[in-house]
There are 2 protein chains.
Amino acid sequence: MVNRSSASTLGFALLGLIAQKARSGYDLRKFFSSTPMASFSDSPGTIYPALRRLERRGLIRGQVDRERGRRRRELFQLTPHGRAEFHRWLQRGITRADVEHGVDALILRFAFMDEGAGRTAAFRFLKALGKELGEYIPSLREYLNSNRPSMPLSGRLALENGILRYETLLGWTKAAMAAYRKEN
Amino acid sequence: MVNRSSASTLGFALLGLIAQKARSGYDLRKFFSSTPMASFSDSPGTIYPALRRLERRGLIRGQVDRERGRRRRELFQLTPHGRAEFHRWLQRGITRADVEHGVDALILRFAFMDEGAGRTAAFRFLKALGKELGEYIPSLREYLNSNRPSMPLSGRLALENGILRYETLLGWTKAAMAAYRKEN
DNA sequence: TAGTCCATGTAAGATGTTACATGATTCA
DNA sequence: TGAATCATGTAACATCTTACATGGACTA
């Protein structure tokens with residue numbers, strides 16, 4: 001069986017944007033098509049059903065905005081339950097699986113951290129991510145060293161790119177922590 | 001309607017590994033669980049149905065390996081059609097959408113490039129990727145500069161991480177091209 | 001002989017994609 | 001008035017996840 005109550009990555013992205021201010025499906029589509037959050041699809045077949053799922057689970061509620069002379073549109077806002085679920089998502093710990101599976105979802109979480117969970121939580125997140133990366137990167141290096149001779153050049157370079165990506169991320173966590181310290 | 005003849009990212013990952021040598025579903029699961037390709041799920045409910053789909057489309061064919069004293073297992077290899085489709089995937093151009101949507105699928109493609117399409121194709125890929133990144137990164141910078149004042153710290157840092165990621169990747173393409181030149 | 005690893009699968013459901021569809025409003 | 005944009009949706013389908021299930025072979 002599958003998680004029936006909470007949301008997917010897209011779901012949390014929508015929750016985060018709606019948490020900032022009430023938005024319509026169209027607003028959200030435009031946001032995805034016109035900002036660096038373009039990794040999410042802006043197609044109506046993705047957005048509108050996702051919003052209905054969030055509504056069905058009681059995480060958001062929509063109300064039709066019927067100002068005269070304006071096109072009909074439906075603005076969504078978080079319910080208290082939605083706000084709580086979103087907050088729980090932000091507060092989740094960081095696992096090896098999170099880091100292995102692709103770091104984009106983690107960065108998405110972090111992007112909403114200040115607004116949704118506060119700066120202390122943001123700092124804690126960075127520290128936990130740094131710790132996890134510090135443990136993961138050596139295992140990648142080890143794999144590279146053991147398999148280097150048998151790997152084709154493009155395969156080796158691809159792996160080196162992965163390692164570089166994680167190392168850059170680790171450096172970024174440190175710079176980001178410094179930025180938080182400076183602000184306080 | 002949806003692409004019925006070709007494969008998903010997971011499908012191409014499987015094709016690439018099977019192209020290297022004949023493998024069973026179990027081999028592939030172990031590969032995903034024990035190497036840096038851990039971003040793919042190693043669960044049987046993911047792998048076995050994906051293999052059946054590839055088989056149904058005529059991209060791979062399996063034959064049951066029934067050596068006595070060994071457990072029954074089914075080894076898959078590429079069909080000529082599968083090899084051709086895989087090759088076409090490797091040769092695909094690089095679009096803005098590829099870069100925006102997440103660069104992991106591109107790196108996967110590159111990892112198989114030498115074996116599946118040769119070094120000339122690998123070099124061409126790096127050049128095209130570098131060009132696309134060179135055009136994309138400034139648009140991210142521009143967004144950051146326009147929106148910096150209104151962004152919360154964690155949001156701004158997340159975006160900076162994205163830019164840094166693309167810049168690191170651009171640097172890597174240059175180093176990788178140098179590595180190819182040196183080999184020839 | 002009991003536990004572990006090898007090896008393959010199915011079922012139910014959530015999620016996402018592409019394509020198709022509709023109608024109102026604004027603007028040239 | 002015709003095109004573009006605003007705004008929301010459905011249908012069909014592929015894909016993926018989680019959980020459940022089975023049985024043979026190896027090893028302590």
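Throughout, a chain's letter reflects where its sequence line sits, starting with A, and its residues are numbered from 1.
A straight line from CD of Glu74(A) to P of dA7(D) spans 13 Å, rounded to a whole angstrom. Distance CZ (Phe12(B)) to C1' (dT15(D)): 14 Å, rounded to an integer number of Å. One interatomic measurement links the two molecules: CD of Glu55(A) to P of dT15(C), which rounds to 15 Å at whole-angstrom precision. Rounded to whole angstrom, the span from the CG atom of Leu54(B) across to the P atom of dA14(D) amounts to 14 Å. Separating the CZ atom of Phe31(B) from the C1' atom of dC6(C) is a distance of 19 Å, rounded to the nearest angstrom. The interatomic distance linking Leu51(B) (CG) with dA7(C) (P) rounds to 14 Å, in whole Å. One atom, CZ of Arg52(A), and another, P of dA11(D), lie 14 Å apart when rounded to the nearest Å. Residue Ile47(A) contributes atom CD1, which lies 16 Å from atom C1' of dC6(D) at whole-angstrom precision.
Out of dT8(C), dT8(D), dC16(D), the shortest distance to the side chain of Leu10(B) is found at dC16(D). Of the listed nucleotides (dC6(D), dT8(C), dT17(C)), dC6(D) has the atom at the smallest distance from the side chain of Tyr26(A). Closest to the Arg73(B) side chain, of the nucleotides dT8(C), dA14(D), dT8(D), is dT8(C). Residue Arg29(B) places its side chain closer to dT8(C) than to any other of dT17(C), dT8(C), dT17(D). Taking only side-chain atoms of Ser41(A), from C-beta outward, the nucleotide of dT17(C), dT17(D), dT15(C) with the closest atom is dT17(C). In this structure, of dC6(D), dC6(C), dG9(D), it is dG9(D) that holds the atom nearest to the side chain of Pro44(A). Of the candidates dA7(C), dC16(D), dT15(C), dC16(D) carries the atom nearest the Arg53(B) side chain, counting heavy atoms from C-beta on. Distance from the side chain of Pro49(B) is smallest to dT10(C) among dT8(C), dT10(C), dT18(C). Taking every side-chain heavy atom of Tyr48(A) into account, dT8(D) is the closest of dG9(C), dT8(D), dT17(C).
Nucleic acid contact class of Gly25(B) (heavy atoms, under 4.0 Å, all strands): sugar-phosphate only. Backbone-only contact: Ser8(A) has heavy atoms under 4.0 Å from sugar-phosphate atoms and none from a base. Base engagement by Ser43(A) is indicated by at least one non-hydrogen atom pair under 4.0 Å involving a base atom. At a threshold of 4.0 angstrom between heavy atoms, the contacts of Arg56(A) with the nucleic acid are absent.
Ring planes of Tyr180(B) and Phe123(B): perpendicular class, angle over 60° (limits at 30 and 60°).
Under 4.0 Å is where a charged nitrogen must lie from a carboxylate oxygen, and between Arg148(B) and Glu160(B) at least one such pair does. A salt bridge links Asp27(B) and Arg73(B); the closest N-O separation between the charged side-chain nitrogens and carboxylate oxygens is under 4.0 Å.
Nearer to the 5' terminus of DNA chain C, by closest-nucleotide assignment, is the contact made by Asp27(B) (compared with the other of Thr46(B) and Asp27(B)).
A distance of 12.0 Å separates CG of Leu51(A) from CZ of Arg56(A), quoted to the nearest 0.5 Å.
Counted within 6.0 Å of CZ on Arg96(B), heavy atoms from surrounding residues, nucleotides or ligands total more than 12; the atom is thus considered enclosed.
Phe31(A) carries Arg23(A) over the face of its six-membered ring, with the cationic atom under 6.0 Å from the centre and within 45° of the normal.
At dC6(C), none of the side-chain N or O atoms of Arg72(B) fall inside 4.0 Å of OP1 or OP2 (strictly under the cut-off). Phosphate contact (OP1/OP2 of dT15(D), side-chain N/O of Arg57(B), threshold under 4.0 Å): present.
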